[in-house]
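A short worksheet on the structure shown next.
Since the structure is predicted, the reported quantities are computational estimates derived from the model, not experimental observations.
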Amino acid sequence: MTSVSPETIHDTFTIERRFPQSPNTVFAAFSHPATKRRWFADGHSQIVDEYSLDFRVGGREVARYRMSDATPFPGLPLVSDGVTLDIVPGRRIISAATMTLGDRPISAALATFEFLPDGSGTKLLFTHQAAFFEGSDGPAMRKQGWTAILDQLAQAL
């Protein structure tokens with residue numbers, strides 16, 4: 001019997017977006033649970049079973065999904081479980097989260113959102129630092145996923 005050695009892939013990527021709304025308006029879309037659920041959790045290739053956000057330092061954000069039939073893992077549970085590490089109102093949010101697929105952890109990540117004044121609007125600088133475990137979606141798919149999520153944020157604003 002051969003053994004499989006665990007492989008961890010480390011990756012960092014940054015996505016920059018500009019929004020015509022003020023930093024406080026864009027920041028608010030991250031801090032209100034119902035608003036964030038609409039652009040963050042809903043509308044993907046998963047069925048949302050639960051979404052909760054306790055927006056404060058030390059507060060948790062949990063999204064529980066079931067993969068849809070359009071995915072390679074129909075019906076399999078996907079869970080994102082995070083904690084907010086830092087909040088500077090209107091300027092910065094830092095959180096850490098783990099993801100599990102079924103009963104297997106697939107990643108651990110640190111996410112930093114910076115809301116910078118840009119004329120009358122906002123430049124959002126998003127930095128994602130992660131360790132991806134065996135069987136994970138990997139860096140390319142995660143960046144694609146965050147790009148789609150930030151597209152939904154733009155539509156929600």
Side-chain angles (χ1 to χ4, degrees), residues 8-68 70-73 78-101 105-133 136-157:
T8 303
I9 298 169
H10 297 271
D11 184 71
T12 298
F13 63 82
T14 301
I15 301 173
E16 187 176 304
R17 289 290 177 91
R18 288 186 165 68
F19 301 100
Q21 296 83 4
S22 72
N24 286 336
T25 299
V26 178
F27 181 90
F30 285 76
S31 63
H32 296 107
T35 302
K36 187 167 184 190
R37 178 186 171 133
R38 280 193 301 276
W39 65 265
F40 178 75
D42 295 339
H44 299 290
S45 59
Q46 304 90 250
I47 300 153
V48 179
D49 288 328
E50 173 193 345
Y51 178 78
S52 62
L53 172 64
D54 177 10
F55 189 73
R56 63 182 172 83
V57 172
R60 287 186 64 203
E61 180 175 23
V62 177
R64 295 183 191 281
Y65 306 96
R66 277 176 291 121
M67 303 302 287
S68 75
T71 70
F73 307 105
L78 175 70
V79 178
S80 173
D81 188 356
V83 62
T84 303
L85 303 175
D86 184 53
I87 298 172
V88 178
R91 294 294 308 227
R92 181 178 64 233
I93 301 167
I94 301 175
S95 61
T98 59
M99 289 188 80
T100 57
L101 183 61
I106 61 170
S107 67
L110 181 70
T112 302
F113 299 90
E114 296 174 88
F115 306 85
L116 308 170
D118 184 39
S120 61
T122 302
K123 178 170 85 170
L124 174 66
L125 187 60
F126 168 60
T127 303
H128 184 273
Q129 300 166 284
F132 296 91
F133 314 134
S136 75
D137 53 346
M141 286 187 69
R142 190 66 59 91
K143 185 173 184 179
Q144 179 182 2
W146 271 107
T147 298
I149 289 169
L150 294 177
D151 288 345
Q152 288 187 185
L153 170 61
Q155 293 173 0
L157 289 171

For [X], which residues count as a side-chain contact (heavy atoms from CB on, under 4.5 Å) partner, sequence neighbours excluded?
X	result
E50	S52, V62, R64
R37	A41, D42, V48, Y51
P117	P23, R91
P105	T100, F133

By the salt bridge (Lys or Arg N to Asp or Glu O under 4.0 Å) test, which pairs, at least two apart or in different chains, include something from residues 19-30?
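For residues 19-30: none.
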Which salt bridge (Lys or Arg N to Asp or Glu O under 4.0 Å) pairs, counting each pair once, include a residue from residues 10-23, with sequence neighbours left out?
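Listed by first then second residue: E16-R18, R17-D151, R18-D118.
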Residues forming a salt bridge (Lys or Arg N to Asp or Glu O under 4.0 Å) with [X], sequence neighbours excluded:
X	answer
D49	R66
R142	D137
E61	K36

OG1-CD1 distance between T112 and I94, expressed to the nearest 0.5 angstrom
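Reported value, rounded in 0.5 Å steps: 4.0 Å.
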I'd like a table of donor-acceptor pairs (distance under 3.5 Å, sequence neighbours excluded) in which one partner is a side-chain atom from residues 121-132, with atom names and distances.
from	atom 1	to	atom 2	distance (Å)
T122	OG1	Q21	O	2.7
T122	OG1	S22	O	3.2

Results of ring-ring contact (aromatic ring centres under 6.0 Å, His included) for F19 - residues two or more places apart only:
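Counting only residues at least two positions away or on another chain, F19 forms no ring-ring contact (aromatic ring centres under 6.0 Å, His included).
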How would you list, by chain and number, every residue that makes a side-chain hydrogen bond (donor to acceptor under 3.5 Å, both in side chains) with D54, sequence neighbours excluded?
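Partners of D54 by the side-chain hydrogen bond (donor to acceptor under 3.5 Å, both in side chains) criterion, ordered by chain and then number, come out as R56.
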